[in-house]
Structure formats: C-alpha cells, structure tokens
Amino acid sequence: MPAAEAYDEVRMRCAPNPNGPWHVGHARMPAVIGTYRDRYDGWFCVRFDDTDPETKRPDLEAYDAILEDLDYLGFEPDETYKASDRLETYYEHARELIELGGAYTCSCSGEEFSELKNNGEPCPHRDKDVETVLAEFEDMIDGEYDSGEMVLRVKTDIEHKNPALRDWVAFRMIDTPHPRGEASEYRCWPMLDFQSGVDDHLLGITHIIRGIDLQDSAKRQRFVYDYFDWEYPEVVHWGHVQIDAYDVKMSTSTISELIEQDELDGWDDPRAPTLKSLRRRGIRGEAIVDAMVELGTSTSDVDLAMSSVYAANRDLVDEETDRRFLVREGNQLPLGGSPPEEANPPLHPNHEDRGVREIPVGDSVLVEPDDLPGREDRIWLKGLGCFQYTRDVLQYTGEDIDVVREGDVDVIHWVPASESVPVCMRTPDGDVSGRAEPGVAALEADELVQFERIGFARIDRQEDDETVTYYTHP
RNA sequence: GCUCCGAUGGUGUAGUCCGGCCAAUCAUAUUGCCCUCUCACGGCAAUGACCAGGGUUCGAAUCCCUGUCGGAGCACCA
C-alpha cells in the first residue's frame with residue numbers, strides 16, 4: 001500500500017454496483033482492503049454506487065446479498081452508504097462547481113459532441129454564463145428535461161491529448177425511476193466519475209483501489225478536485241481476475257441469465273462461480289481471502305487457480321474435520337469367514353482422542369468400482385481387516401496390518417451393503433450418488449466431513465430418503 | 001485509429017523505483033520418496049521462469065530504445 005504512513009488513518013471504500021450477489025472475482029476488493037484495514041488499523045466502508053436506474057438498474061435484493069457475501073468473507077464494513085441517498089449532496093457540489101466556472105449545461109446530442117470533442121473543438125454551450133448554467137441545472141434537477149436533452153459537463157481541457165478526458169458528462173437526465181422508493185423521484189443523476197469523486201473526498205478516502213477499466217477515472221476526477229482544491233487520494237489499479245475450473249463465465253449478468261433459463265439452480269449452484277456457491281460447498285471465506293491476497297495488486301490480468309483456494313481451505317479445515325466413508329456407485333460383495341461385526345476406524349487419524357466411528361458390518365459390503373479386487377487378490381477394508389476375493393466372496397483372512405505394511409495389500413474404503421445410508425453429493429461437475437456409513441445420516445447440516453479417498457464435503461441437509469452433501473474439494 | 005497500462009516457471013508472487021548480495025524468493029501445482037490401515041495432514045527431494053532484439057555499463061530481471069504479445073479507455077454504463 002503506497003504511502004500508508006503518510007496518513008493518520010488509512011481509509012478505503014468498496015464501491016459495488018448492486019446488480020446481484022457477488023461472484024468469486026468480487027471477493028478480491030474486500031479481501032484486500034479488509035486485510036489492509038486490519039494491518040494498518042484503518043477504516044473501510046461499502047458504498048453502493050447505484051446512480052444509474054436504467055442501464056445498470058440496481059437489484060433491490062443485491063444490497064443485502066452483497067453485505068451477506070462480505071460477512072461470509074469475514075468482514076464488516078465500518079459504514080455503509082448508498083449513493084442514491086446522497087443526490088442532494090451531489091447537486092450541492094455541482095452548483096458550487098458551476099459557480100467556480102468548472103461546469104456547463106450542454107444540449108448537444110451525443111454524436112454531435114463526440115464529433116467536436118474528437119476534433120478538439122469546444123461546443124457552443126461551453127461559454128454560457130454562470131447564471132444561465134445554474135438555472136438550466138436547476139431545471140435538470142427539477143426534471144424539466146427529458147432523457148438525452150440536457151447534460152452537465154465538467155469543463156476540462158477540450159484539447160487534452162487523451163480524448164477520453166475532454167469535457168466529460170457529470171449529470172444526465174434519466175426518465176426511468178430508481179427502484180429504491182427513497183430515490184424514485186429523482187431524474188437528474190450524476191455519472192460515476194462525478195459521484196464517486198465527490199464521495200471519495202467527503203468520506204475522507206485516502207486510498208482508492210479499483211480495476212484498470214477505471215484507469216481514466218482518476219484523471220477525469222482530478223479536474224474536479226483541482227476546481228475544489230482538494231487533494232486526490234492514492235490510487236491503485238489492478239487487472240481482471242479470471243478463475244480456472246469454471247465453465248460458466250464469471251459475470252453477474254451471465255450467471256443471472258443462466259439461473260433464469262434454469263441452466264443453474266440458483267446463485268449457490270455448485271457449478272456457479274459465485275461466493276454463495278463456495279459457501280454452500282463448505283469453503284471458508286477466509287480461504288478465499290487468503291488466496292485473493294496472494295494475488296497482490298498488479299495491474300496485469302491474473303488467473304486465480306481454484307487449487308490455491310482449496311489449499312488455503314484445506315489448511316484451515318483438515319485438522320478439525322472428521323473422516324467418514326462414502327462409496328460411489330458401489331458394487332456389492334458378500335463377506336465370508338466370520339469377520340468382526342463392527343468396524344471402528346478413528347474419526348481423525350491424527351486425533352485418536354476424538355474417538356472412533358461405529359460401523360456395523362453385516363454380511364456384505366459395497367466398494368467403489370475402481371477398487372474391485374481381482375480373483376484371489378487380497379484387500380484391506382479400512383478399519384475392518386484383510387479379505388481375499390475367492391469365488392465371488394470376500395473371505396476374511398484374519399491377517400494383521402503387517403500385510404499392508406509389507407505392501408502386498410491395498411487399503412480401500414467400504415460401507416455395509418444393508419446398513420449404509422444414501423447420499424447425494426452435489427459437485428461442480430454434476431451430482432453423484434452413493435452410500436455412506438450410517439453415522440452420516442445423523443450429522444447436522446453445515447458440518448464438514450472428509451470422505452476418505454474422495455475429498456471434503458459439507459452436509460447440506462438431511463432429507464427423508466437421503467443425505468444431501470456438497471463437495472468441497474479434494 | 002487515438003490515449004493509457006502491463007509482460008518473472010502450469011498458476012500467483014518477491015526482486016525492478018536506488019544496476020552487482022539474483023546461475024532469481026516464497027506459495028501453489030505436478031512428480032518421486034518417507035510417514036500413515038486410505039485420502040488428507042506432515043517431512044524430504046525433483047521439475048520449472050526474467051517476452052524478443054538492440055543499446056548504456058566492468059556488470060542488466062532491474063536503466064534506455066525498438067518490436068511482439070496482452071489488457072484498458074476513447075459512453076448521457078458501473
């Protein structure tokens with residue numbers, strides 16, 4: 001973080017557009033500013049930049065959904081604001097800017113102005129006197145104009161070598177009412193660069209972090225800051241994040257469409273690249289934060305490997321997660337030779353003190369297709385003992401664990417054929433059905449388990465006929 | 001087209017401002033071994049990178065130029 005020491009308090013903002021729950025990429029901002037806040041004993045707020053009721057129409061449910069996602073990541077903002085509550089403030093500053101000669105009302109059409117701008121020529125409205133501009137701006141606020149009829153432009157440098165910075169629009173008319181009742185009467189709306197620039201100053205923001213798509217914003221906003229004689233915050237731009245491991249494009253609108261078309265079950269579908277999905281899969285928000293912070297703040301685009309999120313999560317949960325057996329698409333094998341009636345593998349191999357599971361054996365077991373023994377092969381059913389596959393029956397041999405240590409016998413997991421319980425495991429690659437050891441039916445929702453030799457999973461719910469789990473990661 | 005940015009292994013990152021301590025750090029991934037009644041965890045090891053070409057210099061990942069590739073903006077979107 002640049003020049004963190006130069007400020008009494010590092011103050012940052014997270015300025016989301018409330019158009020839906022967050023995808024994984026959105027986690028980067030809170031992860032980084034939240035971490036900086038903790039490191040520098042600073043401050044950060046969430047400010048919903050919801051100043052376009054039309055083309056970026058806010059989704060009323062998104063405000064809370066985003067705060068929930070933030071909570072999942074483990075952060076609580078010091079303050080929360082909505083730009084749509086602050087219109088009067090923006091109007092006030094616009095009036096002041098006009099009085100300073102820094103803005104003018106303009107009724108050029110978009111194309112007309114663009115043409116002039118690209119040639120570095122001022123439009124005829126640029127030199128209107130302050131009183132006229134002020135009056136026309138009041139008319140804008142009062143809704144006297146229709147959409148597209150009149151805008152307020154910031155007077156920058158019409159010959160600036162970067163055309164993107166020339167006399168940009170600060171306020172425009174929008175006929176569509178804002179979805180929030182509190183803001184539905186307003187028709188004259190500020191553009192992001194104006195609104196955000198003013199707010200950053202008023203909120204005392206010292207450090208702005210934002211995407212490279214807003215690279216020019218700082219340059220545009222500096223014109224306003226110069227008129228007001230304000231000091232511009234430190235600013236860091238970073239590139240886009242891509243995530244491997246997902247087929248679905250990481251874009252709020254794309255995900256939203258897929259949900260509408262029933263391609264996805266919802267924002268928490270395990271195939272969706274959303275925070276709600278990762279949460280349901282039992283991944284800790286902290287793991288996502290760890291992986292995001294690792295990415296740093298470089299301006300080039302980065303690929304986040306989901307494996308680093310998984311590694312971070314495994315680090316957090318492995319020690320405390322109990323082991324269980326799950327057999328997917330099991331093949332039934334009868335047992336012979338009087339094996340023990342109950343198996344008692346430990347809940348966690350590194351923590352014997354947690355106790356053991358009680359798995360009734362019965363007279364046949366299920367094993368995974370990949371684990372099916374060949375003729376006369378011996379296998380070790382984990383927690384139970386050694387068996388030899390003879391004449392379609394697993395004959396208990398009674399040999400001790402040394403046969404495994406000698407390396408001749410593979411250890412596999414299993415479940416009893418009759419007393420096991422059905423499990424549906426939802427994964428990013430589709431649903432998997434299987435049967436688990438009986439204890440799994442007694443686990444509570446939200447508990448995490450590790451299905452041995454398969455991976456971690458979160459218990460989602462217990463239904464009448466099966467246990468629904470969400471696959472976390474290997 | 002114009003204006004900005006950027007480029008270190010499969011991925012991410014440190015180092016670049018202030019050239020030598022960098023035959024390049026750490027993490028993750030992959031592979032192998034050890035541990036282990038599996039997987040996971042843990043331990044050990046291996047693989048693997050400074051975009052290219054010029055220049056400056058005794059010396060360049062680091063400074064300069066050119067090129068290549070990638071990204072962003074040029075909206076009455078955020």
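In what follows, chains are A, B, ... by sequence order, proteins preceding strands, each numbered from 1.
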Quickly work out the A:F451 CZ to B:A40 C1' distance and round it to whole Å. 14 Å
Here's a test for you: under side chain to side chain contact (heavy atoms under 4.5 Å, CB included), which of A:T472, A:D69, A:I283 qualifies with A:L278? A:I283
Quiz item: A:K56 side-chain donor-acceptor pair to B:C77 base, under 3.5 Å: yes
Short heteroatom pairs, N/O only, protein and nucleotides 71-75 of chain B, under 3.5 Å:
residue, atom, partner, partner atom, Å
B:A72, O2', A:I212, O, 2.8
B:G73, O2', A:D216, OD2, 2.5
B:C74, O3', A:K117, NZ, 3.1
B:C74, O2', A:K117, NZ, 3.4
B:A75, OP2, A:K117, NZ, 3.3

Expressed as a whole number of Å, how far does the C1' atom of B:U62 sit from that of B:U56? 14 Å
Does either side chain, that of A:R222 or that of A:Y232, offer a donor lying less than 3.5 Å from an acceptor on the other one? no
Nucleotide forming a Watson-Crick or wobble pair with B:A46, both distances under 3.5 Å: B:U30
Any protein N or O atoms within reach of nucleotides 13-17 of chain B? Criterion: under 3.5 Å, listing atom names and distances.
residue, atom, partner, partner atom, Å
B:U13, OP1, A:L295, O, 3.1
B:U13, OP1, A:S298, OG, 3.2

Closer than 4.0 Å, any side-chain N/O of A:R357 to the OP1 or OP2 of B:C37? no
C1'-based separation of B:C5 from B:G32 [nearest Å]: 43 Å
Across all strands, who's sitting opposite B:C2 as a Watson-Crick or G-U wobble pair, both distances under 3.5 Å? B:G73
What does A:E319 touch in the nucleic acid at a heavy-atom separation under 4.0 angstrom: a base, only the sugar-phosphate, or nothing? sugar-phosphate
Between atom OH in A:Y186 and atom C1' in B:C76, what is the gap in whole Å? 20 Å
Whole-Å C1' distance, B:A14 and B:U25: 5 Å
Steps toward side chain to side chain donor-acceptor pair (under 3.5 Å) verdict (A:H23, A:S251): CA-CA 7 Å; A:H23 58 62; A:S251 123; over 6 Å; no
Nearest-angstrom distance from the residue atom CD of A:E406 to P of B:C35: 14 Å
Here's a test for you: under side chain to side chain donor-acceptor pair (under 3.5 Å), which of A:R153, A:K117, A:R126, A:K155 qualifies with A:D167? A:R126
Give me the distance, rounded to whole Å, that separates B:C51 from B:U16 when you measure between the C1' atoms they each carry. 16 Å
Centroid separation under 6.0 Å, is that true for the rings of A:F48 and A:Y63? yes
Donor-acceptor pair, distance only, cut-off 3.5 Å: does the side chain of A:S420 make one with the backbone of A:P416? yes
Partner nucleotide, any strand, of B:C35 [Watson-Crick/G-U, under 3.5 Å]: none
Could you tell me the separation between the CG atom of A:L384 and the P atom of B:U38, rounded to a whole number of Å? 15 Å
Could you measure between the two P atoms, the one in B:G9 and the one in B:G1, and give it in whole Å? 28 Å
Presence of salt bridge, A:E61 and A:R180, under 4.0 angstrom: no
Pair partner, B:A7 [Watson-Crick or wobble, under 3.5 Å]: B:U68
Write down the partner of B:A24 under the Watson-Crick or G-U wobble criteria, each distance required to be under 3.5 Å. none
Closer than 3.5 angstrom, by distance alone: can the side chain of A:Y246 be matched with the main-chain N or O of A:P428 as a donor-acceptor pair? no
Only pairs with both distances under 3.5 Å count, Watson-Crick or wobble alike; so what is the partner of B:U16 in this structure? none
Output yes when at least one side-chain N/O atom of A:R405 is less than 4.0 Å from OP1 or OP2 of B:C37, else no. yes
In whole Å, measure the gap between the C1' atoms of B:A78 and B:U57 for me. 49 Å
Inspect the contact between A:D49 and A:R47 and indicate whether a charged nitrogen and a carboxylate oxygen are less than 4.0 angstrom apart. yes
What is the distance, to the nearest angstrom, from the CD atom on A:E452 to the P atom on B:U38? 9 Å
Taking atom C1' in both B:A61 and B:A46, what distance in whole Å separates the two? 25 Å
A:E368 bridged to A:R453 by N-O distance under 4.0 Å: no
Does the side chain of A:R323 get closer than 4.0 angstrom to OP1 or OP2 of B:C41 through an N or O atom? no
Which is true for A:T51 with a 4.0 Å heavy-atom rule: it touches a base, it touches only sugar-phosphate, or it touches nothing? sugar-phosphate
Between atom CG in A:N313 and atom P in B:C41, what is the gap in whole Å? 12 Å
May I ask you to say what A:C108 touches in the nucleic acid, namely base, sugar-phosphate or nothing, with a heavy-atom cut-off under 4.0 Å? base
For the pair A:Y7 and A:H207, name the ring-plane relationship: parallel under 30°, tilted 30 to 60°, perpendicular over 60°. perpendicular
Between B:C63 and B:G19, how far apart are the C1' atoms? Round to whole Å, please. 7 Å
5' precedence on RNA chain B between A:N17 and A:K219 (nearest-nucleotide basis): A:K219
Candidates B:A78, B:C37, B:A29 - which lies nearest the side chain of A:V404: B:C37
Round to the nearest Å and state the distance from A:H160 atom NE2 to B:C2 atom P. 16 Å
Is there a side-chain polar atom (N or O) of A:K161 under 4.0 Å from OP1 or OP2 of B:C4? yes
Separation of B:U38 atom P from A:D370 atom CG, nearest Å, is 18 Å
Distance in Å, A:F44 CZ paired with A:L70 CG, rounded so as to fall on 0.5 Å steps: 5.0 Å
